[in-house]
**Student:** 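What follows is a single structure, and I will ask about it in a moment.
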Amino acid sequence: MNIYEAIRKDHDIQRNLLDKLVDTSGDTKTRQDLFKELRKELTLHANAEERHFYKPLIPTDMMQEHARHGIAEHHEIDELIEQLEKTEMDSSAWLKVAKDLKHKVEHHLEDEEHSFFQLSGKVFNDKEKTALATKYNAYMDEHR
């Protein structure tokens with residue numbers, strides 16, 4: 001497995017959780033559980049990705065701005081999660097913010113998968129891509 005396959009696998013988990021979350025309503029156990037799982041998944045993924053994907057790219061001139069942009073988007077996602085935590089779960093405002101979160105996360109995933117991966121593929125060789133995946137997956141397994 002290479003770093004792109006490892007990250008895509010987690011992107012699919014995030015998409016699935018987001019789809020389920022925005023289909024919920026009210027302050028229900030289902031909504032609470034899905035939000036808790038999504039929050040944990042997004043936080044772990046961002047930490048692992050920043051350590052084992054973005055950080056090795058920052059020293060590269062070609063990728064520095066892209067890596068910083070990805071990290072900035074992680075912070076925007078964190079802010080939306082915080083907003084959800086402060087909003088009553090049974091209010092219409094909660095669902096609106098959840099949909100904003102879904103949109104922001106999906107935009108971020110698309111950016112990574114359709115441009116960032118291709119560009120960074122020119123920086124890493126095959127051995128590095130595999131080594132990064134091993135470190136990324138180990139981090140995710142340890143903290144999940």
Side-chain angles (χ1 to χ4, degrees), residues 1-87 89 93-144:
M1 175 179 286
N2 67 38
I3 188 64
Y4 308 112
E5 293 162 336
I7 291 173
R8 271 197 189 99
K9 182 180 65 160
D10 288 338
H11 285 180
D12 290 344
I13 292 168
Q14 293 169 29
R15 286 184 180 101
N16 182 38
L17 289 169
L18 285 160
D19 287 344
K20 289 178 180 177
L21 184 66
V22 298
D23 280 345
T24 64
S25 60
D27 190 355
T28 61
K29 180 161 175 34
T30 301
R31 181 178 269 186
Q32 292 167 15
D33 291 348
L34 283 168
F35 177 61
K36 185 178 176 182
E37 187 178 352
L38 176 66
R39 181 181 60 210
K40 181 178 181 181
E41 195 64 36
L42 289 171
T43 301
L44 283 176
H45 174 74
N47 289 340
E49 194 172 66
E50 287 175 19
R51 288 171 193 239
H52 304 295
F53 184 57
Y54 291 146
K55 188 177 175 185
L57 290 170
I58 287 176
T60 309
D61 287 343
M62 179 179 86
M63 293 305 301
Q64 189 174 76
E65 194 56 41
H66 293 284
R68 288 189 172 149
H69 177 75
I71 292 168
E73 285 188 340
H74 285 168
H75 291 295
E76 291 170 15
I77 290 166
D78 290 343
E79 289 171 4
L80 288 168
I81 290 170
E82 284 178 31
Q83 197 175 341
L84 282 173
E85 290 171 335
K86 294 176 185 174
T87 306
M89 227 178 229
W94 196 93
L95 186 59
K96 184 200 176 305
V97 176
K99 288 180 178 178
D100 290 347
L101 175 64
K102 182 179 191 293
H103 177 77
K104 172 54 85 178
V105 171
E106 288 175 344
H107 165 80
H108 176 71
L109 304 182
E110 291 295 312
D111 271 359
E112 284 183 348
E113 292 173 2
H114 296 288
S115 66
F116 203 79
F117 285 3
Q118 287 75 12
L119 290 170
S120 65
K122 297 173 183 173
V123 174
F124 299 132
N125 64 39
D126 288 343
K127 187 176 177 183
E128 290 169 323
K129 292 172 189 174
T130 302
L132 288 169
T134 301
K135 291 176 185 175
Y136 173 91
N137 284 326
Y139 181 93
M140 291 299 288
D141 290 344
E142 181 182 339
H143 294 89
R144 231 180 213 139

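The structure displayed is predicted, hence computed values, not measured ones.
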**Student:** To the nearest 0.5 Å, how far apart are CG in Leu84 and NZ in Lys86?
**Tutor:** 11.0 Å
**Student:** Say you draw a straight line from CG of Leu21 to CG of Leu18; how long is it, rounded to the nearest 0.5 Å?
**Tutor:** 7.0 Å
**Student:** If every non-hydrogen atom of Tyr139 is compared with every non-hydrogen atom of Ala48, which pair is closest and at what distance?
**Tutor:** CD2-CB, 3.4 Å
**Student:** Identify whether the distance between the nearest side-chain nitrogen and carboxylate oxygen of Asp19 and Arg15 falls below 4.0 Å.
**Tutor:** no
**Student:** I want to know whether Tyr4 and Tyr136 have ring centres closer than 6.0 Å.
**Tutor:** no
**Student:** Tell me, please, which residues at least two apart from Gln32 pass side-chain hydrogen bond (donor to acceptor under 3.5 Å, both in side chains).
**Tutor:** Asp27
**Student:** I need the Asn137 CG to Met140 CE distance, nearest 0.5 Å.
**Tutor:** 8.0 Å
**Student:** With a 6.0 Å cut-off (strictly less than), is the heavy-atom count around CD of Gln118, excluding the residue itself, greater than 12?
**Tutor:** yes
**Student:** Kindly indicate, with the supporting measurements, whether the criterion side-chain contact (heavy atoms from CB on, under 4.5 Å) is fulfilled by Ile7 and His45.
**Tutor:** CA-CA 8 Å; Ile7 291 173; His45 174 74; 3.7 Å; yes
**Student:** Could you tell me the separation between the CD1 atom of Ile77 and the CG atom of Leu38, rounded to the nearest 0.5 Å?
**Tutor:** 9.5 Å
**Student:** Under the side-chain contact (heavy atoms from CB on, under 4.5 Å) criterion, do Met63 and Phe116 qualify, and how do the steps go?
**Tutor:** CA-CA 8 Å; Met63 293 305 301; Phe116 203 79; 3.8 Å; yes
**Student:** Is any side-chain heavy atom of Val105 closer than 4.5 Å to one of Leu42?
**Tutor:** yes
**Student:** Which heavy-atom pair separates Asn2 from Ala133 by the least distance, and what is that distance?
**Tutor:** C-CB, 3.3 Å
**Student:** Salt bridge (Lys or Arg N to Asp or Glu O under 4.0 Å): which pairs involve residues 43-52, sequence neighbours left out?
**Tutor:** none
**Student:** Please determine whether a side-chain nitrogen of the Lys or Arg among Glu85 and Arg39 lies less than 4.0 Å from a carboxylate oxygen of the Asp or Glu.
**Tutor:** yes
**Student:** Look up atom CG in Asp100 and atom CG in Leu95, then write down how far apart they are to the nearest 0.5 Å.
**Tutor:** 9.5 Å
**Student:** Does Ile81 reach the side chain of Phe35, with side-chain heavy atoms less than 4.5 Å apart?
**Tutor:** yes
**Student:** Are Asp10 and Arg144 close enough for a salt bridge, meaning some N to O gap below 4.0 Å?
**Tutor:** yes
**Student:** Check the pair Val123, Met62 against side-chain contact (heavy atoms from CB on, under 4.5 Å), reporting the backbone distance first and the verdict last.
**Tutor:** CA-CA 9 Å; Val123 174; Met62 179 179 86; 3.6 Å; yes
**Student:** Looking at Glu5 and Lys9, is there a salt bridge between them, counting it only when a charged N and a carboxylate O are closer than 4.0 Å?
**Tutor:** no
**Student:** More than 12 non-hydrogen atoms from neighbouring residues, nucleotides or ligands closer than 6.0 Å to NE2 on His103, yes or no?
**Tutor:** no
**Student:** With a 4.5 Å limit on heavy-atom distance, are the side chains of Thr24 and Lys20 in contact?
**Tutor:** no
**Student:** For the residue pair Ala67 and Ile58, what are the closest heavy atoms and their distance?
**Tutor:** CB-CG1, 3.7 Å
**Student:** A side-chain contact here means heavy atoms from C-beta on lying under 4.5 Å apart; do Gln64 and Arg68 qualify?
**Tutor:** yes
**Student:** If you count heavy atoms of other groups shown closer than 6.0 angstrom to CZ of Arg8, is the number above 12?
**Tutor:** yes
**Student:** More than 12 non-hydrogen atoms from neighbouring residues, nucleotides or ligands closer than 6.0 Å to NZ on Lys135, yes or no?
**Tutor:** no
**Student:** His108 pairs by ring-ring contact (aromatic ring centres under 6.0 Å, His included) with which of His114, His74, His69?
**Tutor:** His74
**Student:** Evaluate Leu44 against Lys40 for side-chain contact (heavy atoms from CB on, under 4.5 Å), listing each step before the verdict.
**Tutor:** CA-CA 6 Å; Leu44 283 176; Lys40 181 178 181 181; 4.0 Å; yes
**Student:** Taking the side chain as everything from C-beta on, heavy atoms only, tell me whether Trp94 gets closer than 4.5 Å to Arg31.
**Tutor:** yes
**Student:** To the nearest 0.5 Å, what is the distance between CG (Leu119) and NE2 (His66)?
**Tutor:** 5.0 Å
**Student:** Is the backbone N or O of Glu110 less than 3.5 Å from a side-chain atom of Glu113, with the two atoms forming a donor-acceptor pair by type?
**Tutor:** no
